[in-house]
Amino acid sequence: MTDTREITLTVNGTEHTIEVEPRQLLVHAIREELDLTGTHIGCDTGNCGACTVLRDGEPIKSCLMFATQADGSDLMTVEGMEDLPEAGGELHPLQEGFREEHGLQCGYCTPGMIMAGKALLDENPNPSEADIREAISGNLCRCTGYQNIVRSIEYAAEELEHGEIAAADGGVAIDADANADGEFDCGVENCCGGPAAEGDGDGDRGSDPASRGERR
Amino acid sequence: MKAAQFEQHEPETVEEAVSLLESLDDRAILAGGQSMVPMLRFRLAVPETVIDINQIDALDYLEEDNDWLRIGALARHADVEHADVIQEKYGSFADAAPLVADPQIRNRGTVAGAVAQADPKGDWGSVLLAHEGEVVAHGPDGERTIPADEFFLLPYDTTLDENELLTELRVPTPAAHEGSAYHKLKRKVGDYAMAGSAARLVLDDDGRIERAGIGLTAVDITNVRATDAEDHLEGERPGSDLFKRAGELAAEQSNPESDEHGDAGYKERMVNVLTQRALGDAAERAGLVKRRVTQ
């Protein structure tokens, strides 16, 4: 009864041909047809950005597009991050950054944040804090852990900048950088990011969605 | 929720799209989809057919000729945001683009689609009104142009005919001494405007205001022009007292509703302030005015 259509998606470098209904959203095709469940569905309304993927290099919300509209596209999801050359066969510097800087709490928004961060660093390898906040402005973190998400992306930017050096001496630079950033290690404030963290000295920088708004 | 089943068409030319509009009864046009896709999936719109115009490559342009800045129906917000010609010459567009929604949505959503959607809280309608722009539509009888101030009827309702496709937005290329700006108040990134004001000033060689255009966002049932303020400005020299009065007149002519973001009186005061700021920036960008006008 239902009409389906055959579409071809290249996802993380692998070409897939699948049958979809015209009404099927891209995010559902990615999760349900391709079993790539790293891309999350958070809100149903296009607000949260958890479903952010790169389409031909640009970040888009895969819940605001039908799968048929992506026919022929080159997509990248969070699962593709560790296959990038910068990852060196392990975690990509962005993923490493989220681990080192406690950029994830419940983790639900993380795939979208990482893809938004990837899009930013592809365009602008040396982003300011304001650039980072703008780049993730379409992504909500309900744990309100924005401070550490920004730090995670800053970490990745630095790591990528020093990537060549790290590669040259076999990756030792990663440990060195982690030590250099010791002030952000697993301290109580940064670890849980709860109200206690917001009450401290730089809590007024706005870690909740309402106050992180206009920064231009 | 999933969208209801629909039949999908992907025309590759404007003519094909128009003939589909003519031959099909219950249909929706899908462009950037950043409003339409949620409407479909929440079943606020349940069309039998969706006409996806994204394959009409001829509508994907942003260009300037001698007379007009032309924005094709498939130009995305991000295209406007990053275009050199916009940054150099169209201040209000350059101001408004990065204030629309968020980066991901700007990569997909179209400027023309936002205008066709005719949400009174949309930014582009005000910019189009301030510039005395036009909407170009294609229908069974060919092309017609609709002046921006005859386009918006009601929330989500325009003077487009049922069988017409909006194909282009256009605004006149700037005069020798012209400047424009857009100011918007919103609670946070991604929100629609609580209030917004677009201003365009054309000065004569003597430095007097020859033409003034002001478009307001989110303070009436559609995007509206602040005609009383425009009339007050024309023939005068730019200045803070003049702009102050224009801000008051714009506020008086606006009809905001009280809601969770603020009461009507507050929004009127915001219209006043935002209009003054937009006029100040527009005057500065028009040249002939040395210092930014402050309120």
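In what follows, every chain begins at residue 1, and chains take the letters A, B, ... in the order their sequences are listed.
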- Task: Kindly indicate whether the side chain of B:Val189, heavy atoms from C-beta on, has any atom under 4.5 Å from the side chain of A:Arg133.
- Result: no
- Message: When you compare the side chains of B:Gln8 and A:Arg5, does any donor N or O come within less than 3.5 Å of an acceptor on the partner?
- Response: yes
- Query: If you look at every heavy atom in A:Leu64 and B:Pro38, which pair is closest and at what distance?
  - Reply: CD2-CG, 3.4 Å
- Task: For A:Thr68 and B:Glu10, work out which heavy atoms get closest and say how close.
- Result: O-OE2, 4.4 Å
- Message: Using 0.5 Å steps for rounding, measure from the CG atom of A:Asn139 to the CG atom of B:Asp102.
- Response: 7.5 Å
- Message: Rounded to the nearest 0.5 Å, what separates atom CG in B:Asn54 from atom CE in A:Met65?
- Response: 7.5 Å
- Message: Counting only non-hydrogen atoms closer than 4.5 Å, does B:Glu7 touch chain A with its backbone (N, CA, C, O), its side chain (CB onward), both, or neither?
- Response: neither
- Message: For the CD atom on A:Glu123, are there more than 12 heavy atoms of other groups (residues, nucleotides or ligands in this structure) within a distance under 6.0 Å?
- Response: no
- Per-residue contact mode, B:Met1 against chain A (heavy atom under 4.5 angstrom): backbone
- Item | Heavy-atom pair with the smallest gap, counting every atom of B:Pro103 and A:Gly138 | CD-N, 4.0 Å
- Test item: B:Asn107 side-chain N/O and A:Pro59 main-chain N/O as donor-acceptor pair under 3.5 Å: yes
- Message: Strictly distance-based, threshold 3.5 Å: is any side-chain N or O of B:Gln104 a donor or acceptor partner for the main-chain N or O of A:Thr52?
- Response: no
- Flag side-chain contact, heavy atom, 4.5 Å: A:Arg55 against B:Arg108: yes
- Task: Using modelled atom types only, decide if a donor and an acceptor are shared between the side chain of A:Arg23 and the backbone of B:Ala4 within a distance under 3.5 Å.
- Result: no
- Message: So for atom CD, which belongs to B:Gln87, do other residues, nucleotides or ligands contribute more than 12 heavy atoms lying within a distance under 6.0 Å?
- Response: yes
- Among the listed options A:Ala116, A:Cys63, A:Ala135, A:Gly49, the residue most often paired with chain B at heavy-atom distances under 4.5 Å: A:Cys63
- Item | Min side-chain heavy-atom separation B:Val50-A:Phe66 under 4.5 Å | no
- Message: Heavy-atom count check: over 12 atoms from other residues, nucleotides or ligands less than 6.0 Å from B:Tyr192 OH?
- Response: no
- Item | Verdict with supporting geometry, A:Glu32 and B:Lys2, salt bridge (charged side-chain N to carboxylate O under 4.0 Å, His left out) | CA-CA 14 Å; A:Glu32 291 161 22; B:Lys2 274 191 180 177; 5.1 Å; no
- Item | Value rounded to 0.5 Å, distance of CD1 in A:Ile60 from CZ in B:Arg106 | 15.0 Å
